[in-house]
Amino acid sequence: MGTATVKLATWNIGGGILGESHQKNRDPSLDYHVSILQRHAPDVVCLQEAHDYGGRREGQAEYLARHAGYRHVISFPVSESHLEEDAQLTLGILSRRPLLGAELKWFPNPGLTATGPDGDFWKLHDKGYVVASMDLGDQQLGIVNAHCFPLRRFGARPTEAKFARMWKMLANDLMAIRATLPVLAAMDLNHEPIQDVLMEVLRPGGYVNALESTATTAKGAQQDYIIYDHAVRLLATTVTATRSDHSYCQASFLM
């Protein structure tokens, strides 16, 4: 084990809108999110539900990177947004150190539909995960940023057999990456406990859950996780309630 430390954060920013989830076409408050990042100063930030505007104006991941002091940023549009018209939801990674490569992988979408509490028509938007690597100077670190389907909102259980392919896909990639690199993975699973769906990677010699049994949403549920390669040493964790629907989650590691 070396002497490099890495502080990783994960945060579903919900289009930058403050307050409860699923507010539509409200003005984002990105300067608030910048203030949280400046206060905690993570080395790498995994964002879920940041907005991209197709080049019409600066995307939210790029705005946060520019204003919070991150030289390296990647942002992958994943689906249309349910929060703002003419925007796309992205998976973004902000980093103080060079990002050497990144790939987006989509989960197979089961195409579920539902009626929302206000009578709105809901359809299951695409979700997936980004696999990237970060240059630490004398070694590389694998970074995974994942956002999974909110199946409970569509009357489905993530543990149903028909979703096993999705979890197997993620588990296989997590294990394949750690065969060559130490890995940190940030995930909004939209489910608890994580053992229900990713027990395969949490077995001895695999990954460890840094945020064991910690509520990460305003309603007291744990949806957000940071898991890490067992060869990496966990130093500290922080889960801070915010004015956003999800908590700001962070873990520090010795590589």
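Keep in mind the model is a prediction, meaning the values are calculated, not measured. Side chains are part of it too, since the values below use all heavy atoms of this structure and drop only hydrogens, waters and symmetry mates.
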Between Leu181 and Leu136, is there a shared hydrophobic cluster once you connect ILVMFWY residues whose side-chain heavy atoms come closer than 4.5 Å? no
Value for CE (Met134) from CG (Leu8), rounded to nearest 0.5 Å, stands at 7.5 Å
Any side-chain heavy-atom pair of Leu89 and His82 under 4.5 Å: yes
Are Phe149 and Pro158 close enough that some pair of their side-chain heavy atoms sits under 4.5 Å apart? no
Tell me, please, whether Tyr53 has Arg57 positioned over its six-membered ring: NZ or CZ under 6.0 Å from the ring centre and within 45 degrees of its axis? yes
To the nearest 0.5 Å, what is the distance between CD (Gln222) and CG (Asp188)? 10.5 Å
Under 3.5 Å, side chain of Asn145 to main-chain N/O of Gly92, donor-acceptor pair present? yes
Determine whether the side chains of His191 and Arg157 contain a donor N or O and an acceptor N or O closer than 3.5 Å. no
Would you say that Leu99 contacts Ile93 through its side chain, given a criterion of any heavy-atom pair below 4.5 Å between the two side chains? yes
Taking C-beta and beyond as the side chain, do Leu170 and Leu198 meet within less than 4.5 Å on heavy atoms? yes
Got Gln223 and Leu189 here, is their nearest side-chain heavy-atom distance under 4.5 Å? no
Are His33 and Trp11 an aromatic pair, judged by ring center distance below 6.0 Å? yes
Nearest heavy-atom approach of Leu124 to Pro150 is CD1-CD, 4.0 Å
Give me the one residue out of Val208, Val144, Leu184, Leu174 that meets side chain to side chain contact (heavy atoms under 4.5 Å, CB included) with Ile227. Leu174
Would you kindly say whether Asp135 and Gln140 are connected by a side-chain donor-acceptor distance under 3.5 Å? no
Under 4.0 Å between a side-chain nitrogen and a carboxylate oxygen: does that hold for Arg71 and Glu62? no
Do the side chain of Asn109 and the main chain of Gly111 share a donor and acceptor less than 3.5 angstrom apart? yes
Let's go through His67 and Gln38 carefully: what are the C-alpha distance in whole Å and the side-chain angles of both, what is the deciding distance for side chain to side chain contact (heavy atoms under 4.5 Å, CB included) to 0.1 Å, and is it a yes or a no? CA-CA 9 Å; His67 287 271; Gln38 290 175 332; 5.7 Å; no
Met255 CE to Asp138 CG distance, which is reported to the nearest 0.5 Å: 10.0 Å
Can a side-chain donor-acceptor contact be found between Tyr207 and Arg178 if the only test is distance below 3.5 angstrom? no
Go through the steps for Phe107 and Val78 under the test side chain to side chain contact (heavy atoms under 4.5 Å, CB included), then give the verdict. CA-CA 10 Å; Phe107 290 124; Val78 178; over 6 Å; no
Hits for ring-ring contact (aromatic ring centres under 6.0 Å, His included) against Tyr228, two or more places apart or cross-chain, chain-then-number order -> Phe253
Let me see the working for Leu64 and Leu47 under side chain to side chain contact (heavy atoms under 4.5 Å, CB included), right down to the final yes or no. CA-CA 10 Å; Leu64 293 176; Leu47 299 173; 3.8 Å; yes
Is the closest side-chain heavy-atom distance between Asn209 and Tyr225 below 4.5 Å? yes
Heavy-atom side-chain proximity of Trp106 to Lys127 below 4.5 angstrom: no
Thr216 and Ser247: side chain donor to acceptor below 3.5 Å: no
Distance check, rounded to the nearest 0.5 Å: Leu104 atom CG versus Asp126 atom CG? 9.5 Å
Residues at least two apart in sequence or cross-chain that pass side-chain contact (heavy atoms from CB on, under 4.5 Å) with His40, listed by chain then number, are Ile36, Pro42, Thr238, Thr240, Tyr248, Gln250
As an exercise, state the distance from CD1 of Ile13 to CG of Leu30, rounded to the nearest 0.5 Å. 6.0 Å
Applied to residues 152-189, the ring-ring contact (aromatic ring centres under 6.0 Å, His included) test, sequence neighbours excluded, yields none
Hey, mind stepping through Tyr32 and Val34 against side chain to side chain contact (heavy atoms under 4.5 Å, CB included) and telling me if it holds? CA-CA 5 Å; Tyr32 170 80; Val34 169; over 6 Å; no
Sidechain N-carboxylate O distance under 4.0 Å for Lys123, Glu80: yes
Using modelled atom types and a 3.5 Å cut-off, is there a donor and acceptor pairing between side-chain atoms of Thr217 and backbone atoms of Ala221? yes
When you measure from the side chain of Arg96 to the backbone N and O of Gly69, does any donor-acceptor pair fall under 3.5 Å? yes
Go through the side-chain N and O atoms of Glu49 and Ser81 and say whether any donor and acceptor fall under 3.5 Å apart. no
Heavy-atom nearest pair, Val239 first then Cys249, reads CG1-SG, 4.2 Å
Minimal non-hydrogen separation, Val73 against Ala65, with atom names: CB-CB, 3.9 Å
Per the side chain to side chain contact (heavy atoms under 4.5 Å, CB included) rule, which among His147, Met169, Met187 passes with Tyr129? Met169
Please answer: with hydrophobic residues joined when any side-chain heavy atoms are less than 4.5 Å apart, are Val131 and Leu100 in the same cluster? no
Whether Lys7 and Asp43 form a salt bridge (side-chain N of Lys/Arg under 4.0 Å from carboxylate O of Asp/Glu) is what I want to check. no
State, to 0.1 Å, how close Ala210 and Thr237 come at their nearest heavy-atom pair, and which atoms those are. O-CG2, 3.6 Å
Ignoring hydrogens, what is the shortest heavy-atom contact between Leu91 and Ala146? Give both atom names and the distance. CD2-C, 4.4 Å
Pairwise side-chain contact, Ser95 with Tyr70, heavy-atom cut-off 4.5 Å (strictly under): no
Could you go through Gln48 and Thr90, starting from their C-alpha distance and side-chain angles, then the distance that decides it, and tell me whether this counts as side chain to side chain donor-acceptor pair (under 3.5 Å)? CA-CA 6 Å; Gln48 302 89 35; Thr90 74; over 6 Å; no
What distance do Leu151 atom CG and Arg153 atom CZ have between them, rounded to the nearest 0.5 Å? 11.5 Å
Ignoring hydrogens, what is the shortest heavy-atom contact between Gln88 and Pro77? Give both atom names and the distance. OE1-CB, 3.4 Å
